[in-house]
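Worth knowing before you read on, the calculation uses all heavy atoms, side chains too, and leaves out hydrogens, waters and symmetry mates. Throughout, a chain's letter reflects where its sequence line sits, starting with A, and its residues are numbered from 1.
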2 protein chains.
Amino acid sequence: MLHLVISTIGEISWLCQFKTSLLLSRRRAALNNLKKEQWTNNEPNKKQDILMKNQKRTTIYDIAKKLNLNASSVSRALSNNSNVSEATRKLILDTAKELNYKQNSLASNLRKGHNQTIGVIVPRINQNYFADVIAGIEEVTYQKGYNLVICQSNESSAREVKCVNTLINQHVSCIVISLSADFEDDKHLQTIKEHGIPLIQFDRVAEHLDTFKVLNDNEQASIDAVSHLIEQGYKRIALLEGPQNLNIFRQRKAGYLAALKKYKVPVLPELIKENAWTKELGAESTKELLNLAEPPDAIFASTSDFSALGVLEVATKMGLKVPEELGICGYSNEAFTEITSPSITTIDQYSVSMGKTIANLYFQEIESSEKDNNPKIVSIKPKLIVRSSTLRNKTEGY
Amino acid sequence: MLHLVISTIGEISWLCQFKTSLLLSRRRAALNNLKKEQWTNNEPNKKQDILMKNQKRTTIYDIAKKLNLNASSVSRALSNNSNVSEATRKLILDTAKELNYKQNSLASNLRKGHNQTIGVIVPRINQNYFADVIAGIEEVTYQKGYNLVICQSNESSAREVKCVNTLINQHVSCIVISLSADFEDDKHLQTIKEHGIPLIQFDRVAEHLDTFKVLNDNEQASIDAVSHLIEQGYKRIALLEGPQNLNIFRQRKAGYLAALKKYKVPVLPELIKENAWTKELGAESTKELLNLAEPPDAIFASTSDFSALGVLEVATKMGLKVPEELGICGYSNEAFTEITSPSITTIDQYSVSMGKTIANLYFQEIESSEKDNNPKIVSIKPKLIVRSSTLRNKTEGY
DNA sequence: TTAATTTAAGCAATCGATTGCGATAAAAAT
DNA sequence: ATTTTTATCGCAATCGATTGCTTAAATTAA
């Protein structure tokens with residue numbers, strides 16, 4: 001057995017590209033020796049391993065031939081359906097096990113005209129929120145014997161289009177999507193509908209498009225957050241906002257404005273910062289905000305908790321006391337918000353539940369009744385999690 | 001369009017189960033009304049939507065028929081392969097677009113005898129490490145036009161077996177797996193090999209099994225971590241260890257022991273705590289350790305950063321100064337380790353790179369050369385990230 | 001004992017794309 | 001003008017499972 005040890009990042013990236021190199025060729029040489037050995041001393045198991053590769057998998061025809069039966073009977077016995085005598089069924093099941101038979105889902109699905117698979121397209125698989133949603137979807141689909149095909153658009157709509165096409169080709173039973181950040185055109189979503197594939201959008205959606213949707217009530221959540229800030233006595237509340245081509249960020253801004261209006265707090269344009277999505281951008285914007293002649297006394301990082309973290313770090317570095325001198329509220333309830341000091345007030349989106357809701361929407365509303373395909377919208381109200389970073393009046397808290 | 005608003009956790013779990021309820025039936029009633037409307041006023045697009053469901057998708061035969069050609073020509077034109085005149089090719093491509101043709105991958109793969117799909121089984125999709133690895137795999141497979149089918153075993157080997165069977169049925173080109181926590185039996189992995197499906201194990205592997213493996217050098221990483229602790233002057237170093245049926249935890253323990261031996265530090269059994277995987281268990285073990293007559297002056301939470309976080313919280317609560325009175329080292333380089341106070345020393349596993357390595361291993365070593373299937377092991381050396389939680393000698397650090 | 005009914009199993013078409021082989025016509029070579 | 005080559009395209013089998021229909025056998029009823 002060969003063993004490669006990689007110890008530096010450089011080597012890893014080399015490995016990732018896997019260019020032919022000295023090491024690799026050396027390995028090949030070693031390999032050839034091994035192969036020779038294999039053919040000379042006839043170890044049975046090794047040989048079997050190799051034969052296995054050229055060997056075709058057993059089909060229902062193999063089972064049928066062995067038992068002098070017709071493939072149709074084998075199929076029926078295996079699908080446990082009808083019109084097979086108990087005796088032959090047992091016979092078939094036994095030989096199936098003996099021959100190590102596994103169904104070919106490709107053939108089965110082709111014939112049956114559907115594919116028990118749900119395709120999921122998200123901007124990034126390894127982003128907490130999306131990973132959670134996917135886990136939730138998987139939890140439910142697994143129970144139903146469905147599989148999940150996962151694609152990531154990497155926040156690029158060009159790539160998103162390709163993912164959509166692949167999934168259409170795969171004849172998936174349903175496509176679940178959350179749009180990439182540079183979303184503009186919904187032609188690819190139309191294509192999905194044109195092919196009769198149920199479409200469920202979640203979180204980042206094309207609002208005008210008439211499809212199933214599972215949403216967070218971003219506006220209400222923002223209202224709650226900003227209201228909380230106001231009730232804590234903050235007067236000048238800044239907003240870090242995300243790309244306005246995405247519905248979620250528009251809604252969060254709307255909520256911010258609505259809350260200010262509700263409490264008759266004037267809207268100050270200089271306190272609204274665009275494009276403060278990441279920790280770095282959040283930090284950047286914070287510096288600008290705090291250097292204003294009249295700086296804010298609270299910042300609502302509506303884009304993400306990472307942004308809020310950037311805010312917190314800058315504030316700490318500038319010697320501002322949080323929450324006394326600056327209130328900070330994030331969005332998403334990332335795990336770390338609980339353990340920063342002070343802990344960060346944020347909004348929980350029930351991401352795993354959201355995934356389950358999505359899957360259940362498919363099974364209960366789409367898969368079951370063929371005709372009744374009137375797109376529904378399910379909105380989940382996120383929950384404000386109040387923590388130290390906004391808790392001026394300690395009496396109110398825990 | 002219907003709109004459901006969910007506002008409490010209770011309602012969400014209700015929605016997840018989707019029991020028929022008042023609300024649901026009310027929605028149905030509303031729906032029926034809508035349907036009636038639809039049938040009375042013949043909105044063309046709505047009608048089209050409904051027809052779409054019953055309408056079969058266009059196949060190469062449809063294109064062939066329309067052009068008075070044979071399906072084989074259409075197939076050849078579409079696959080861009082051979083023996084089709086430029087004129088008819090253009091004709092075919094145009095009508096394909098016109099008829100909104102999409103290939104049926106099921107049929108194609110069935111005929112070609114393979115499925116450009118890689119199956120991935122992980123304990124939990126929404127765990128940073130695994131999500132990162134999956135993202136890395138996807139990054140590479142996407143480039144190659146392969147798809148990813150993701151399953152989660154939920155740390156249960158029973159479920160893992162089912163996932164394996166599904167993937168075998170799907171005729172995936174390769175199975176990538178990281179074992180569940182209760183791993184004992186490898187029969188299902190044998191089955192994969194018996195079906196001639198390449199198997200790549202990563203991180204948590206069955207060591208004795210002769211398959212491709214992509215590993216982290218856990219032992220070396222632990223040696224580095226514990227050596228670092230010793231060099232920082234810690235004398236009584238405790239270990240929080242994970243389930244010993246998993247190779248990774250055995251190796252981490254081995255590294256711990258090796259480092260102690262190297263520095264001739266005696267091994268004290270009372271400083272080794274089993275099963276301290278989660279934050280809660282880590283905290284629990286820490287309480288026990290710190291209540292010893294001779295408590296440790298450092299704790300290596302080899303299970304995870306979450307465990308280390310538990311340690312930190314207990315230490316802080318007990319008024320112990322970190323790193324002066326207690327050194328803490330975690331494992332995995334979770335995002336939060338950087339922002340705790342003090343920040344936590346940990347070990348980075350290059351998870352995304354690891355995913356890329358896995359995928360490249362498949363493409364370069366397995367897919368390319370059919371015969372040369374001698375399992376290789378790629379070992380990636382993780383990197384110790386020294387942070388404040390173990391930095392007694394400030395001079396050494398940054 | 002014969003007719004009616006049930007049960008079990010086979011036959012053959014089907015899902016949609018691919019591909020080796022053969023046929024035809026056009027182009028090139030002799 | 002005839003033969004050879006080449007370019008196009010059609011034919012039909014194939015991948016493996018499913019399923020409606022038919023037939024043969026077995027069981028029951030008359």
The side chain of [X] lies closest to which of these nucleotides: [options]?
X	options	answer
A:L69	C:dG10, D:dG16, C:dT18	C:dG10
A:S75	C:dT19, C:dA17, D:dT19	D:dT19
A:S108	D:dA17, C:dA17, D:dG16	D:dA17
B:N70	C:dT19, C:dC15, D:dC11	D:dC11

So what does [X] touch, heavy atoms closer than 4.0 Å: a base, only the sugar-phosphate, or nothing?
X	answer
B:T88	sugar-phosphate
A:S72	base
B:N68	sugar-phosphate
A:N104	sugar-phosphate

Inset, instruction - Please check the phosphate of C:dA8 (OP1 and OP2 only) for any side-chain N or O of A:S73 closer than 4.0 Å. - result: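 Looking at the OP1 and OP2 atoms of C:dA8, neither is under 4.0 Å from any side-chain N or O of A:S73.
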Inset, instruction - Would you tell me if any nitrogen or oxygen in the side chain of B:Y61 comes within less than 4.0 Å of OP1 or OP2 on C:dT14? - result: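 It does not, given that no N or O in the side chain of B:Y61 lies less than 4.0 Å from OP1 or OP2 of C:dT14.
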[X] [atom1] to [N] [atom2], straight-line distance once rounded to whole Å:
X	N	atom1	atom2	result
A:L110	D:dT19	CG	C1'	14 Å
B:L106	D:dA17	CG	C1'	12 Å
B:Y101	C:dG16	OH	C1'	8 Å
B:I92	C:dT18	CD1	C1'	14 Å
A:H114	C:dG16	NE2	P	14 Å
A:N109	D:dC15	CG	C1'	14 Å
A:N83	D:dC21	CG	C1'	12 Å
A:N169	C:dT18	CG	P	11 Å

Answer yes if the side chains of [X] and [Y] hold a donor-acceptor pair under 3.5 Å, and no otherwise.
X	Y	answer
B:S75	B:S72	no
B:D186	B:H208	yes
B:N154	B:R124	yes

Legend entry - Residue closer to the 5' end of DNA chain C, A:R76 versus A:K112 (nearest nucleotide):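 By nearest-heavy-atom nucleotide position, the 5'-most residue is A:R76.
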Inset, instruction - Hey, which sits more toward the 5' end of DNA chain D by its nearest nucleotide, B:H171 or B:A71? - result: B:A71
Inset, instruction - Identify, between B:R89 and A:I60, the residue whose nearest nucleotide on DNA chain D lies closer to the 5' end. - result: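 By nearest-heavy-atom nucleotide position, the 5'-most residue is B:R89.
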Inset, instruction - May I have the step-by-step check of ring-ring contact (aromatic ring centres under 6.0 Å, His included) for A:F202 and A:F212, ending in yes or no? - result: CA-CA 8 Å; A:F202 77 94; A:F212 284 82; over 10 Å; no
Inset, instruction - Report the C-alpha distance between B:S85 and B:T88 in whole Å, list the side-chain angles of each, state the deciding distance to 0.1 Å, and finish with yes or no for side chain to side chain donor-acceptor pair (under 3.5 Å). - result: CA-CA 6 Å; B:S85 76; B:T88 53; 2.9 Å; yes
Legend entry - Over 12 non-hydrogen atoms of neighbours within 6.0 angstrom of CD in A:E184: no
